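Reckoned from all heavy atoms, side chains included, excluding hydrogens, waters and symmetry mates. Everything numeric in this text was worked out from a predicted model, so none of it was measured. Numbers here simply count residues along the sequence, with the first being 1.
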Amino acid sequence: MVKAIQVGLGSWGFDWSKEVIPNVPSIEVVAYADASPAATERVQSELKVDPQMCFASLSEAAKAVEADLVIATLRTEAHYPVVKEALQLGFNVIVEKPFASTMAQAKELVALAEAQSRVLMVSQNYRFQQAPIAVAEFMAARKLGPINQVSIDFRRHAPTQGYRYWDMPDPLLADMSIHHFDLMRMVLNVEPVRVACRTWNPEGSPFAHHPTGAALIEFDTGIVVSYRASWVSTGRPTAWSGEWTIDCSEGEIWWTSRDHFMGKAKPDVVELRPLDGKPENVKLPALDYADRLGTLATVAKVIETGSLPPRFSSGKDNLVSLALVQATIASANRAGEWVDIAEVME
């Protein structure tokens, strides 16, 4: 059993408190921390948490309880100071994405975790779904031969889906596309080299910053991914992971994942379309823990066993996903010129 302190009890943090943490048996929360009295009162009233388990800060909680893990579920700008404090106090950490606001902050946290010999995991929950896991295995085995090209589409209409972060900088690339960028690395088992991106804000959009974009991303094996995404699309919505077409020498693999919204959910889909045969819908094995439950159960197992599983989204690994986001934003700010990943990794 891994004892944990949850830090950050806002709307998303409370969702972790209610929907995620109680469903991972290997986690025992021993303290909750938030600077807002209203936030701690909410977990007390709605989740029947003992008031003695609630604190105004991580430092107060750390003095009162013994724990192995800090679950950092705060707003992005608070990730860096809280994760840094948690690591300095000797805790392992799981933190929501993006785990830092800048590359300098992210590299500092990774170095600190290594110096402290502690686990730092980024909750890239899209990795913990049936379809991307299955397709990653197909890619490793070259199920339909080497890759020719990859196309990814993401379409959602935020104004009719309860979206409320209209003033967020880079609402597409930093808040949403990081999931897709991270999946590219995991599923294709390649690393990005450079990117060219254009973003824009259509007329009538409620967003203050660009919610729509298109990018070409070149990887170290020569693969080029064509990526198109929009938060204001009036077309047929895609699943949250987008719709992927991986064109290979012997056919294509089409897949989609996390097709759920407002209490309704559809299963992940993977379809093999061989060049010389009939399309096949792949039967996907069930996961013991999916999505955020998967990230939390995984970090608990890593702490208990000391062993890292395949495709583990450590802070060190996630530096590249974060760099891809930053490079894409830089390219968009430079009218679509190519930006090398190495430039933002420096």
The test is side chain to side chain donor-acceptor pair (under 3.5 Å); show your working for Asp268 and Ser257 and say whether it passes.
CA-CA 5 Å; Asp268 283 13; Ser257 175; 2.9 Å; yes

How would you list, by chain and number, every residue that makes a ring pair (Phe, Tyr, Trp, His ring centres under 6.0 Å) with His210, sequence neighbours excluded?
none

Check whether the side chains of Gln6 and Trp16 place a donor and an acceptor atom closer than 3.5 Å, and report yes or no.
no

Less than 6.0 angstrom separating the ring centers of His179 and Tyr126, yes or no?
yes

How many angstroms lie between CG in Leu172 and CH2 in Trp200, if you round to the nearest 0.5 Å?
9.5 Å

Side chains of Arg228 and Ser226 only: does a donor on one sit below 3.5 Å from an acceptor on the other?
yes

Separation between CH2 of Trp244 and CD of Glu252, rounded to the nearest 0.5 Å
14.5 Å

Taking only residues at least two apart or on different chains, which pairs with a member in residues 293-309 satisfy salt bridge (Lys or Arg N to Asp or Glu O under 4.0 Å)?
none

Please list all pairs passing the ring-ring contact (aromatic ring centres under 6.0 Å, His included) test where one or both residues lie in residues 139-167, with sequence neighbours left out.
Phe154-His180, Phe154-Trp231, Tyr163-Tyr165, Tyr163-Trp166, Tyr163-Phe207, Tyr163-Trp231, Trp166-Phe207

Salt bridge between Arg155 and Glu243, side-chain N to carboxylate O under 4.0 Å?
yes

Can you list every salt bridge (Lys or Arg N to Asp or Glu O under 4.0 Å) pair that touches residues 26-37, not counting sequence neighbours?
none

Restricting to pairs with a member in residues 185-196, which pass side chain to side chain donor-acceptor pair (under 3.5 Å), not counting sequence neighbours?
Arg185-Glu191, Arg185-Asp317, Arg185-Ser321, Arg194-Glu218

In terms of side-chain geometry, is the basic nitrogen of Glu108 or Lys84 positioned less than 4.0 Å from the acidic oxygen of its partner?
yes

Pairing residues for Phe181 by the ring pair (Phe, Tyr, Trp, His ring centres under 6.0 Å) criterion, not counting sequence neighbours
Tyr227

Under 4.0 Å between a Lys/Arg side-chain N and an Asp/Glu carboxylate O for Arg334 and Glu343?
yes

